[in-house]
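In what follows, a structure is listed as structure tokens, so that the remarks can point back to it.
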Amino acid sequence: MDKLRPLSQINLLDELPEEELKKIDEVTLTAPIKKGTIILSPAQQMRSLFFLKKGQVRLFKVSSTGKEFTVDLLSEGNVFGETSSFSLTESDIYAETMVDSFVCTLTKERFEEFLRQNPDISLKFITILTTKLKEMYQITESIAYKEVKYRILLLFMQLSNRFGVRSGEWQTVGVKITQHDIASMIGSSRETVSLFLGELEKAQVITRKPLKINTVLAKELYEVEEG
DNA sequence: ACATTAATATACT
DNA sequence: AGTATATTAATGT
């Protein structure tokens with residue numbers, strides 16, 4: 001298990017007032033990026049930060065045998081990338097758009113300046129980072145002690161809290177995710193994930209459309225949260 | 001209680 | 001049609 005896990009979960013969108021968003025728009029380049037585009041790779045180290053304005057991005061590493069290892073998923077309002085002073089991801093990481101997206105590029109200076117001028121957002125930033133840290137603790141603990149079924153539910157709870165919306169008894173996961181993604185994020189195998197997703201669906205704990213997890217039963221998520 | 005391998009099926013582009 | 005993704009079964013630790 002890597003000691004260095006990414007601290008990439010940053011959703012500043014909820015905190016950003018309209019004017020600030022416009023300010024960002026003025027000082028940065030917002031580029032539309034096609035689905036499946038690699039915007040960050042070990043070979044092409046951009047010394048800048050990226051602000052995901054719209055869409056979804058997958059962070060992954062590639063093993064020596066060429067297998068992809070999904071590390072995290074990002075959605076609207078997330079910041080990732082690195083500069084010389086701090087990095088929000090590991091340095092040898094790939095970032096790929098999973099859907100057509102809009103991405104802002106921010107220099108380190110601009111970002112630091114932005115934080116300096118917006119103390120509230122800096123605080124929000126810290127909150128998000130500590131939340132992510134707590135999530136990583138939970139995942140590592142579950143990998144050490146919990147069964148795969150439980151790990152899947154924990155991951156869904158985290159994704160759901162970050163990206164999903166509650167509607168009645170059900171809560172959406174809120175991101176596109178493959179079984180391979182799930183497996184690498186909880187330290188399991190695709191086949192085992194497939195098996196347990198089937199069980200969870202049969203037990204009516206999750207619902208899903210073909211190739212897509214839809215919703216998770218909220219009360220199950222709270223039970224996971226209790227431990 | 002899983003992983004791994006392989007064979008098969010289904011969905012996406 | 002070709003590729004990616006998911007399911008199922010068999011076997012091993």
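Only heavy atoms go into these numbers, but all of them, side chains included; no hydrogens, no water, no symmetry mates. Chain letters run A, B, ... following the sequence lines, proteins first, then strands; residues in each count from 1.
Distances shown here put a side-chain N or O of A:Gln179 below 4.0 Å from the OP1 or OP2 atom of C:dT7. Between A:Arg190 and C:dA4 there is no side-chain N or O to OP1 or OP2 distance below 4.0 Å. OP1 and OP2 of B:dC2 both lie 4.0 Å or more from every side-chain N or O belonging to A:Lys149. The side chain of A:Ser188 contributes an N or O atom lying less than 4.0 Å from OP1 or OP2 of B:dA3. Regarding contacts with the backbone of C:dT5, every side-chain N or O of A:Thr178 stays at 4.0 angstrom or more from both OP1 and OP2.
Counting to the nearest Å, the C1' atom of B:dA1 and the CZ atom of A:Phe196 are 7 Å from each other. Atom-to-atom, CE of A:Met98 to C1' of C:dA4 comes out at 13 Å; the value is rounded to the nearest Å. As a whole-Å value, the separation of A:Ile186 CD1 from B:dC2 C1' is 12 Å. Put simply, CD1 on A:Ile152 is 13 Å from C1' on B:dA1, counting in whole angstrom units. Rounded to whole angstrom, the span from the CG atom of A:Leu195 across to the C1' atom of C:dA10 amounts to 14 Å. Whole-Å rounding puts the A:Lys212 NZ to C:dT7 P distance at 15 Å. Atom pair A:Leu197:CG and C:dT7:P shows a separation of 7 Å (rounding to whole Å applied). Put simply, CD on A:Glu147 is 10 Å from C1' on B:dC2, counting in whole angstrom units.
Considering only the side chain of A:Glu191, B:dA6 comes nearest among B:dA3, B:dA6, B:dT13.
A donor atom on one side chain and an acceptor atom on the other are not found under 3.5 Å apart for A:Ser48 and A:Thr105. For the residue pair A:Arg151/A:Ser142, the side-chain donor-acceptor check at 3.5 Å is not satisfied.
Between A:Pro210 and A:Lys67, the one whose closest nucleotide on DNA chain B sits nearer the 5' end is A:Lys67. Nearer the 5' end of DNA chain B, as judged by each residue's closest nucleotide, is the contact made by A:Lys146, out of A:Lys176 and A:Lys146.
Here A:Asp72 pairs with A:Lys132 in a salt bridge; the nearest charged N to carboxylate O distance falls below 4.0 Å.
Note on A:Ser189: a base of the nucleic acid sits closer than 4.0 angstrom, heavy atoms only. Contact annotation for A:Val193: no contact, since no heavy-atom pair falls under 4.0 Å across all strands.
Note that A:Lys134 lies outside the cation-pi zone of A:Tyr137, set by a 6.0 Å cut-off to the ring centre and a 45° limit from the axis.
The aromatic ring centres of A:Phe50 and A:Phe80 sit less than 6.0 Å apart.
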